Amino acid sequence: MDQTGAKLLPFYLVVDVSYSMSGDKLDAANRMMPQIIDALARNPILSDKVRFGLIDFSDDAQVRLPLCDLLEPSLTLPTLEVRGSTSYSAAFALLRSEIESNVAQLKADQYVVHRPTVWFISDGEPTEDEQTWRRAFGDLVGARIYPNLIPCGVDDADKSVMGSLIHPSSGNKPMALYMMQPGFDPAKAITAMAEILISSMIASGYSLTSGQSGTVLPDKANLPAGITQYDPDDFV
Amino acid sequence: MASTDPFYLAFDMSQSESVNHKQDLLRKIVSGLQSATGRFGDARMVLLTFGEWVHVAPATSLAELGQLSREYPWVGGRCRYASAFQELLQVIGASTGPRSSTGRPSPLVFFVTDHPDDSNWQPDFREFVRMVNPVLVPITYGFAERHAGEFMACPPDVGVHIPRQHDNIAQAVVAQVLQGIRGGDRVSGNHAAPEVGFGGGAHAASRTVEFRLPSGADPARPGAPAHARSADQPTVAMSTQAAVSSAGGRAAPARSAEVRGVGTVPKGGTAPPAAGDDPGPGPDSSARPDTSPPPPERAPTDVLTWTGKFTPFAVGEPGRSGEVLPLPDPDEWNRPDTVCDGVCFLGDQGMLVELRAASVRGSSHRYYGVVRQDEYRYRRTGDGNFLVCAVSDGVSSGKLSHRAAVFITQKGCELLAERLRDGGPERIDWTDLVTQLAAGVVSIGSTLIARERAGVAPEQVTPAEVVERMAATAVFAVVDLRPSADGIPVHLCSVGDSSAWVLRRGSTWEPQAEVKNEGKVIASSRTQALPILPREPLEPLETRLAPEDVLVLMTDGIGDPLGDGTGPVGRFLAAEWKRPPQALEFAAQVDFSRRSHDDDRTAVAVWPGRDR
């Protein structure tokens, strides 16, 4: 059907599936997509506009669910499984090419595409040398169609490494980092990240009608237990 | 047996066409059943309306059906057969207890629907059938053909489908229900006291009770011959087992979901037992259908006393937001969801121009219970020489923005009319006009904000604080109504993304300024809005309307889906707005559904008059 002019809000969930994620954490990560689907099913205003993609990464990165309408009846959700070490550069490179080709395709199909939002979940530090993943990160956020990137750190993730992934980190609409508080249950923290993601998605969907644009983060005062929000200023 | 066992009418009230359409249909059905009170004095009905969830009304006698709310509960949303059958099981089970042990008659259930949205309802259906052992009569209409057949996998293997072309679905449903009630009575062999339900022990026979459209469903032609009902009255019955086809002929006994014409036994005619109907040796062979003529049936005559029909507009895929429950804004009870106008302006020679205007709340604001933030106004100048129009879109991050929109359109029209007294439209200083409006917005905003804060004077509220809470776009048009040899001169001016277009010769959309987001890779919905003043002095645009042209001012609620005007929305509006529609129709067109386009919408359209 001719969708000329239809507004789209693309979201990508990028999940670390290195070996350290096994157990409860992986189970919690696998429950994220059903949580998101439930939220979309309850909100027709949002679900008309949201497209969602799922990428996992370890030694390599894989598109587990190409950008799609999560309420498509034929959709089957992939199951995430752990598989190796932690390469951020693989995740960033795949994200960059996915975003570029997805947006190009949607534009060709006459959609009006708003800036993609990336939720990046990791439970540890990258196991590759810093220069490699920094370069890949620079390519991603330096691209013409750069995403708004919101890092979410759980368990052993390093606050300053994760904080450096916030993008944009300046301007009138900076993004933020969500970190699990030390000692909190990492699986519960992942579930809480999904809640934050959903609140942000609802607010962003509504803001499209509000004459505003872009990714809206939830109110700092209403964060779920166990999570702290850090703004880019916190890392200067 | 008790003659007061109710029958059940399960009615699909999901959002598949429009809720108004279904409410209307149910209202007519209930009114039709009510009018049959005289003949079925003891009959009581339990009404279940289902969709996303189920609402159950208490058992009500036909005479008292009018006491059911006039606004039937809109359960809305998706049509879930599974919930409907679960609830039927609950309701019937609760009122009568386990069926098998009591030997009570099977409950009679009419299931009226157009189509389901769930795919896995069969287990709940089978459970319902197993527990309740009902006589279930599916009555499907509209697009349900392909689903109606699925009921046939269960008793009583008889159903009715009313195709969407049928001219009176309500009347056909009423006829089927009355036939069903009476049929139960007939099968029970009890003519003395009309009762509902099928006689005890008669269930096996009742399974093949044939529901056909009585020819009397056409009240104007009682006793019309069987073959008189043909393609022009395309009600058809569905059956997979034995069915009586026209004039008592035998239909194919094979199980199939195809739709075929049946149902044309002359009024008062005989309904022979259907083939394959024999329940076999049973405990009560007297339960066979009585083949004596049923009492004459008079279809209700009070259901066709009006004309007209409303179907909501949709362009392409309507999206899920078409299903939202519209909520009021609790703080803004005084502001309507939708306003519209249709007027013409006359001169000495007849009609100069025709105007249509509508402002409707978008599905997003309906869903979230937020006030309509768009507004329009128009007026003719005192000397009759000009028509001025204004459209404004309140920036919805500001809670008070709709007040800015009201002020800008109203005051804007007033100021324009004043200035046009002193000279032609080319002499208007637009920058000055807009500056005056911006000052007015700040003044109103300061007062409103100060009122919320104890001990704060309006002068203490800064313009920046006002902008946070209250901002709106503006587009103005001055239409010259004076006689002119080559078209109607129009002056236009705008701040922000509310736009002016000319639909040239009723076919091509011509933007009167740069189209928003045109050529951008990543879209944005930021816009300029008063009281913030544009940096550059405002330059008005001038255009002319030829006899076949239409001037349209609009907010981005329409502007965004219109795009550059060459897409499906452009074609839709061009086709509908070649000539001025009725005002309410115009509003319905402005309110069209299209996936992802859920903003408030406002349009003011001006057509050159026919007599010009």
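In this text the structure is predicted, and so the values were computed from the model without any measurement. The figures that follow rest on heavy atoms only: side chains count, while hydrogens, waters and symmetry mates do not. Proteins get letters first, then strands, A, B, ... in listed order; numbering begins at 1 in each.
Atoms CG and CD, from B:D564 and A:Q110 in turn, are 8.0 Å apart once rounded to the nearest 0.5 Å.
Atom CD of A:E100 has 12 or fewer neighbouring heavy atoms from other residues, nucleotides or ligands inside a 6.0 Å radius. Atom CD of A:E72 sits in a crowded spot, with more than 12 heavy atoms from other residues, nucleotides or ligands closer than 6.0 Å. Residue B:E468 qualifies as open at atom CD: its count of foreign heavy atoms under 6.0 Å is 12 or below.
Looking only at atom types and distance, the side chain of B:Y368 has a donor-acceptor partner in the side chain of A:N43 under 3.5 Å away.
The minimum heavy-atom distance between A:P44 and B:V324, with the atom names listed, is CG-CG1, 3.4 Å.
Both the backbone and the side chain of A:L71 come within contact range of chain B, each with at least one heavy atom under 4.5 Å from a heavy atom of that chain. In this structure, no portion of B:V569 lies under 4.5 Å from any heavy atom of chain A. If you measure heavy-atom distances from B:R366 to chain A, you find no contacts under 4.5 Å at all.
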Next item on the list: Could you go through the side-chain contact (heavy atoms from CB on, under 4.5 Å) check for A:T4 and B:R594 one step at a time?
Entry: CA-CA 10 Å; A:T4 303; B:R594 179 160 172 81; 4.1 Å; yes
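For the pair B:S596/A:L8, no side-chain contact is recorded, criterion being any heavy-atom separation below 4.5 Å from C-beta on.
In this structure, the side chain of A:D48 does not engage the main chain of B:R595 through any donor-acceptor pair within 3.5 Å.
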